[in-house]
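Order of listing sets the numbers, starting from 1, for every ligand and every atom in it.
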Amino acid sequence: MTKKVNELMTELGVSYQDIKKAADTMGIEVKSERTNLAQKDADRLNDTISKLKGLDSKSDKNNNKPKIKAVPIISKDFAHKPKAPVGKPMPRKAESTDGEVDEVKAKSEVKVTVDKEVKAEVKAENAEAKPKTTKKKTAVKEKPSDEVKESKVANKEKAVASNEDAEKAEGKPNKGEEAAKEPEKKIEKKEESYENAPNKPMRFKKIFDASSAPKEEPKPARKKSSDKDGRKDSKKDERGGRKNDKRDGQSRNSDSKQSRSSSRPQSSAAADAPMADKPQTKGKSKKFFDKDKDKDRDKFKHEKRSEGRNSKSRFFDERNLEKQVKHRKKKAPKVTEPEIEIEELLPEGAVAVTVPITVAGLAEQAEISVSKIIMSLMKLGIMATVNQTLDKDTVEMLGEDLGMQVVVTEEKEEVVEEGLDLREDKENELKPRAPIITVMGHVDHGKTSLLDAIRNTNVTAGESGGITQHIGASEVKINGKKIVFLDTPGHEAFTTMRARGAQVTDIAVLVVAADDSVKPQTIESISHAKAANVPMIVAINKIDKPGANVDRVKKDLADRGVLVEDWGGDVISVPVSAKKGEGITDLLEMILLQAEVLELRANPDRLAMGTVIEARLDKSKGPIATLLVTNGTLKAGQSVVAGTTSGKIRVMTNFKGEAIRKALPATPVEILGLSDVPMAGDSFNAVKDDKVAREIAESRQEKMREDVLAKNASTTLEKLFSQIQEGETKELNLIIKGDVQGSVGAIISSLEKLDTEDVRVNVIHSGVGTVTESDVMLAETSGAIIIGFNVRPTTAVQARADDAEIEIRTYRVIYDIIDDVQNAMKGMLDPEYKEEILGKAEIRETFKVPNIGIIGGAYIVEGKVKRNAQVRLVRDGIVIHEGTISSLRRFKDDAKEVAQGYECGIGIEAYNDIKPMDIIECFHMVEIER
Ligand SMILES: Nc1nc2c(ncn2[C@@H]2O[C@H](COP(=O)(O)OP(=O)(O)OP(=O)(O)O)[C@@H](O)[C@H]2O)c(=O)[nH]1
């Protein structure tokens, strides 16, 4: 049995086009009106079209839309068909027949499409066929798409609103009302569904959704939405849609029973529809905007928080900003929660984390138990508490360990510190100031000697190891004009300090020995001066020496890009002899000349600011800091904040040690009164109020604590990470303790340069002061070696270290630290000789003995003291002196050695500064068998 198409047309009273479209959709071949249809196909078509005709004809009475537009279609084929072009309704070929409805209906029971148009159509169909199922499923569906023209949407939605609504639809309800009602109902249902994960930020919800509700993202919808404009439908739109729903649900009033009244501005279908459902009035595709706008808007907001987006997203943002403004005029939509915004940009299943974050915070954010995170951290070698702050690397590693995808953003807070005078000086406030000079150059080229020559003092002889180890500052006057010199050390170990010096300096004096010419540290010095954009003056030193060759120096400098005046450049060079004092005046005059060119000025009539040049802790005086005032006037009695410390200036002395009341710009001073030791290189500011100074310092301390916590965690992490990554590679963990901050910084920077392919140097902790028990504990947990520079551990600390088998290595010369560590890294760990402590004596009293000097009345507290052994004098954990015993007596008799528990008199060779409570440590060197 067959039936011709035209017969069916007559039978149903529909056009050929209607049948053709329905047939196409149902996979029935129809070539012309004369095509013979198999009875089965004819029946299917008849069935479908009859149903649709009935439905449409009802609504058609109230609107003139072609009934075919309300045909609900969802078939296997349909899901694969291309979507409507952007901004246009779906083509008519999406129409279906009755036979198809059954198929679709069945499908709709097992799959819920995300595609808005399809969904609307499914609803329309189900309204007739299986309203209950439809109702249930619509609860998790997206709102209708704008792809379908408003009237069409209205028609369809009207039909599927609910069981009752569907019945009303049959009763030819007012189309406008229905259209208005339907989307609202759906939104409410969706709200309910969202409430299933109550009170959860979207990011939590997303994780929840990802794991518990995958069925809500059916594949056919994804496929269908894979056309150009809707390519991200499947996931992004799911989220975006959810968000829209939420927003719409919040902002919109509904006339349904469940809705609460609100001030809805419009009552038309268009006004009531979600933003995405509004009629397309602009040239651009609504669909495009609907699908992308929320995520684009989110991008915009996200970008506001985080920098560095590509131009493409910026474009979206800008465009969307316009878009938002437009919509706001109509609906004033509520701004969505920030969590949702970031979430929108994330890949499926990812968690957005802003660091630093505490363990507890991360647990909450990722919806993982705190204990799970702590366990994972332990696996990574980090012993963390709930309140431990985690940094970016740690969070990423945790993510990996926990099998969780995290997207980490770093929060950069801009701290505005109220109470600091940071205004810019006005032109008329500025007065000339003295130049600040740094002396740089290769080791032993004569920096210290040159400064000595300049200020007629001799520092070289007293320096430990023969090198300058601390930044000092001094002033000289020539022709009534002041010049400030920062004394910077020459060894490579002091690179950091030199770099710091170059930052506060106006002019760098580059010392090059005429007999040695340009050397590695000369080149390094040039780089620092250039990097700091500081003009240089070359002092060609040691011209008195027989091998001196000034021209060679100039040539070598030219090779390094430093053209002195003789070579056609603009760098001033002055031949000098620090030893004989030749050329020193010339050099100073040239410095003044160069300073004049620079027109150095400052405002003396404001609160002082500048840099900490050096700082140390003095047991009796407390923290001592050398400050260089670069602007303003510093007054004794004023409150200052320096780095993370603050205090009121109790005593202020100039470079000669004379107490002064005020220090004008370009003055180095030493101050007492800070509550703690600041770091060399810290900036300082005078503030009006001591309380303000304290508050600023405290907030900086707080910030630093957070940073340190985060850094420590990551350092440990890095260690493990690199061990895992690099297999055999080992890390050398070190704890550095020194007498002053400058030395500690220099040691760290030198040691960190020693990294080799095989061994990585990792300074896990550093600080000023003696080695403490907590250092030993830290070394214990991290397997670190403790390096003490000019500091000694107490007996108790040493005992604790011995128990824990922690090595504490102490030094007095930085070279030795670097050599030792370098050797250790090369596998030559064991030195040929090792220091062995023989005993310790505590000074109880001191006596002045004519012709001999000061003798310490001592009690041997540990081991024994031997006459020929070496000794070091330790005061408050700091090594004051090293030398040999000149006299050892028990009562009036000389003794070869004195054992523990006995008293004796000890004299130190050529040394008299012995005080009660000093510790004399007696040691000798023993050969180590390899
Ligand atoms: N003949 C001669 N020797 C000099 C002159 N200047 C310095 N020296 C010697 O060179 C050696 C090193 O001088 P320092 O002033 O310690 O050199 P430095 O560059 O400060 O060295 P570090 O502090 O170790 O970086 C000393 O033995 C000085 O006596 C000079 O003009 N002529």
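- The ligand atoms of ligand 1 that sit less than 4.0 angstrom from a heavy atom of D544 are 1 (N), 2 (C), 30 (C), 31 (O), 32 (N).
- With ligand atoms numbered from 1 in the order given, ligand 1 contributes 19 (O) to contacts under 4.0 Å with heavy atoms of H442.
- With E670 as the fixed residue, the salt bridge (charged side-chain N to carboxylate O under 4.0 Å, His left out) test singles out one of R616, K621, R650: R616.
- Below 3.5 Å of separation, one finds no N or O of Y815 facing any N or O of ligand 1.
- Ion pairing of D551 with K555 is absent here, as no side-chain N (NZ or NE/NH1/NH2) approaches a carboxylate O to less than 4.0 Å.
- Open room surrounds CZ on R560; 12 or fewer heavy atoms of other groups in view lie less than 6.0 Å from it.
- Salt-bridge annotation for R433 and D506: present, with a side-chain N of the basic residue lying under 4.0 Å from a carboxylate O of the acidic one.
- One option in K545, K579, K542, M440 has a heavy atom closer to atom 8 (N) of ligand 1 than any other, and that option is K542.
- Taking only non-hydrogen atoms, the option from N541, D516, L450, D452 nearest to atom 6 (N) of ligand 1 is N541.
- The number of heavy atoms from other shown groups lying within 6.0 Å of NZ (K482) is above 12.
- Between the side chains of H445 and D516, at least one donor-acceptor pair of N or O atoms lies under 3.5 Å.
- Each of the following atoms of ligand 1 lies closer than 4.0 Å to a heavy atom of D444: 10 (O), 12 (C), 17 (O), 18 (P), 19 (O), 21 (O), 24 (O), 25 (O).
- Heavy-atom contacts of V443 reach the following atoms of ligand 1: 24 (O), 25 (O) (cutoff under 4.0 Å).
- Annotation: D559, atom CG; neighbour count of heavy atoms from other residues, nucleotides and ligands within 6.0 Å is above 12.
- Those atoms of ligand 1 that come under 4.0 Å of a heavy atom in S449, given as number and element, are 6 (N), 7 (C), 13 (O), 14 (P), 15 (O), 28 (C).
- Considering both main-chain and side-chain atoms, G446 comes within under 3.5 Å of ligand 1 through a nitrogen or oxygen pair.
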